[in-house]
Each structure stands twice: as structure tokens, then as C-alpha cells.
Amino acid sequence: MTSVKEEQLRYTNGNGVAGKIKIDFLYSLFENFSKNFESIVNVINANHGSPFNERQSYGIFIKSIPDEPSSKDFVLTEVSLLRETKSSKGRVDFFVFYRNWLLLIELKLARTPLTTNENAEYKRLTDRWNEAIQQIEGIPVDKNSALKEFVTRLNAKGVIKIPMMVVIYIENKKNPEEFSKNSAKDDLKKKFIKLEEQIQSHQYSYFKSISNEQHHIKNDTHYQLIHGISFFAGIDSDVCFTSSIECVNK
């Protein structure tokens, strides 16, 4: 457990097509997202304890996209594209043009109790991750005329499809004095490591604790504290439309 450090990108896929681009993009995105999330953690659940959800996270996500000359110039949300498994269209959460690559990102958000370690809870989180994979893998690249038109008009090198999940670690208590303090960071790290083991198909991960003891949230039945946030991402596919030399580690 000592080898796992906060605010450090852990990855198993750093080579191949656009390898450095994937690492740079995901590390910067996760770092920025966690800091932006922490900066507003005391107000995000002000709506009578209503859980922070995926749609609400879109603003933080876009704000957190790495500041590259080409990236924020082109960002679309909820893009409608044909799926291989359906005759109807499905939606991709984000199109991001980054360093001359078109990134298709399917984002899922989950909340989990900090100290709950039952198998059913890990299965629920794993199922959430698998939803992201299933939705993004159903978008064909080489057979999708609309997607190819985006690539042509942007003069993109190719397409990278990325399933992604954000996990928020929470604790609920009847009284704020009962919240974990000394052991919270250890509990967060343990749960993050266990979740890494369960989500075997991920290739990139990152976690950060949240310093917010003074920002607990009260609803009608309990107090809630957000202790940390983590990220998991994979590469469903990467398709290069230019020469292979241009696409490797560029």
C-alpha cells in the first residue's frame, strides 16, 4: 500500500498509438478535476443534500480539460452517433480535440461509502464502470460516416475512445463529531486499491483526498462528509488515420 501515492497517475498503457498524449491528457484532466471539485465541495450538495450527479459534473469536466492551444477550442457534449449494436443513435458524453486527436469520452460518476467493503458494493461500482465500456465500445470508428466527417473537418490524426469513471468517497453520520479523522486517508487509500483490483480492465487511475472537515453537509436525516475522489479510465480503441509514424507516441 505504501507504493500507492495520492495525486499520481497510475497506468499500464503508456506506449503505442498516441501513448504520451493519453498520459498527458489524463494526468492533467484528473489533477485539474480533483482540484476544481475540492474548491467547491462545500457547496455542491447545498440543494437539500441532493447527490452531485453526472450532469452537474459536466461543467467541472470542461473546466478541467488541459489548457492546450487546440483542446478547449473544440469541445462538444452529448454528441449523437450511430452504434453498432443498435439501429438507433446513442450519445457520447464528450468530444474533445486535443493535440490533433479527437477524443471520445464516456463518463460515469459513482458515490461510495468510505468504509463499506462488502462484495455487493464493489460489484455495483464495477457494473457502473462496465456501463461506460459498453456504451463507448458500441460506437464504430471506421464505419461511422459522421465521425469520419468530424475527423476530416478537424484534420485530426485519428480517434481515441475513452471510458471513464469518477468515484466520490463519502461518509454518513448522525452527528458530525462521529466522522473519521485520523483514519480517513488510510481508509480512502485501502478502498481505492481494492477498487483498482476489482476494475481489472482499467489502464489509468488516480486518487486524491479532500480536506473538508469543516464542510460537512446536513440533510434531514444525517450529516455527510466527502473524503476523496478517484478516477479510472481505459482505452477502448485508438484508430489512426495518418501514417503509423505520426501516430506513435506523438
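Just so we're clear, the structure is a prediction, and the values are computed from it rather than from any experiment.
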Electrostatic pair [X]-[Y], nearest N-O below 4.0 angstrom:
| X | Y | result |
| --- | --- | --- |
| Asp186 | Lys190 | no |
| Lys161 | Glu137 | no |
| Glu131 | Arg128 | yes |

message = Applying side chain to side chain contact (heavy atoms under 4.5 Å, CB included) to Phe232 and Val166, what does each step give before you reach the verdict?
response = CA-CA 7 Å; Phe232 297 89; Val166 178; over 6 Å; no
Atom [atom1] of [X] and atom [atom2] of [Y]: how far apart are they, to the nearest 0.5 Å?
| X | Y | atom1 | atom2 | answer |
| --- | --- | --- | --- | --- |
| Arg111 | Ile168 | CZ | CD1 | 5.5 Å |
| Met164 | Trp129 | CE | CH2 | 8.5 Å |
| Lys108 | Leu125 | NZ | CG | 14.0 Å |
| Asp187 | Leu114 | CG | CG | 5.0 Å |
| Leu154 | Phe97 | CG | CZ | 5.0 Å |
| Ser205 | Leu9 | OG | CG | 7.0 Å |

Candidate pair Glu121 and Thr112, rule side-chain hydrogen bond (donor to acceptor under 3.5 Å, both in side chains), full reasoning = CA-CA 8 Å; Glu121 176 63 11; Thr112 185; 2.6 Å; yes
Is there a side-chain contact between [X] and [Y], using heavy atoms and a 4.5 Å cut-off?
| X | Y | answer |
| --- | --- | --- |
| Phe95 | Leu103 | no |
| Gln203 | Lys22 | no |
| Val159 | Phe150 | no |
| Leu102 | Ile160 | no |
| His227 | Ser209 | no |
| Ile199 | Met165 | yes |
| Ile105 | Val92 | no |
| Val151 | Lys157 | no |

query = Does Asp24 have any salt bridge (charged side-chain N to carboxylate O under 4.0 Å, His left out) partners at least two apart in sequence or in another chain, and if so, which?
reply = Lys20, Arg99
Check [X] against [Y] and note the closest heavy-atom contact, atom names and distance.
| X | Y | value |
| --- | --- | --- |
| Gly228 | Ile210 | CA-CG1, 3.5 Å |
| Pro140 | Gly138 | CD-O, 3.2 Å |
| Glu106 | Ala132 | CG-O, 3.8 Å |
| Ile139 | Gln135 | CG1-O, 3.9 Å |
| Val75 | Val96 | CG1-CG2, 4.4 Å |
| Pro163 | Ile235 | CD-N, 4.3 Å |

Would you say [Y] and [X] are linked by a side-chain donor-acceptor pair, where the criterion is simply a distance under 3.5 Å?
| X | Y | value |
| --- | --- | --- |
| Ser34 | Glu7 | no |
| Asp93 | Tyr58 | yes |
| Gln198 | Thr126 | no |

query = For His202 and Thr12, what are the C-alpha separation, side-chain angles and deciding distance, and is it a side chain to side chain contact (heavy atoms under 4.5 Å, CB included)?
reply = CA-CA 9 Å; His202 82 279; Thr12 59; over 6 Å; no
key: side chain to side chain contact (heavy atoms under 4.5 Å, CB included) assessment of Asn100 paired with Asn155   = CA-CA 7 Å; Asn100 298 315; Asn155 194 27; over 6 Å; no
message = Out of the candidates Phe33, Tyr98, Tyr204, Phe30, only one should pair with Phe25 under the ring pair (Phe, Tyr, Trp, His ring centres under 6.0 Å) rule; please name it.
response = Tyr98
Among Phe231, Phe207, Tyr169, the one residue meeting ring pair (Phe, Tyr, Trp, His ring centres under 6.0 Å) with Phe192 =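 Answer to the ring pair (Phe, Tyr, Trp, His ring centres under 6.0 Å) test with Phe192 among Phe231, Phe207, Tyr169: Phe207.
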query = Okay, side chain of Lys194, backbone of Asn117: is any donor-acceptor separation there less than 3.5 Å?
reply = no
request  = Examine distances only and state if a side-chain atom of Lys123 and a backbone atom of Glu118 form a donor-acceptor pair shorter than 3.5 Å.
outcome  = no
request  = Please assess Tyr206 against Ser230 for the test side-chain hydrogen bond (donor to acceptor under 3.5 Å, both in side chains), listing each intermediate value before the final yes or no.
outcome  = CA-CA 6 Å; Tyr206 179 102; Ser230 70; over 6 Å; no
message = I'd like to know whether Phe94 forms a side chain to side chain contact (heavy atoms under 4.5 Å, CB included) with Leu104, so could you lay out the CA-CA distance, the side-chain angles of the two residues, the decisive distance to 0.1 Å, and finally the verdict.
response = CA-CA 6 Å; Phe94 298 98; Leu104 277 59; over 6 Å; no
ask   = Do Arg10 and Glu196 pass the salt bridge (charged side-chain N to carboxylate O under 4.0 Å, His left out) test, and can you show the C-alpha distance, the side-chain angles, and the key distance before you say yes or no?
value = CA-CA 10 Å; Arg10 293 161 60 80; Glu196 269 195 327; 2.8 Å; yes
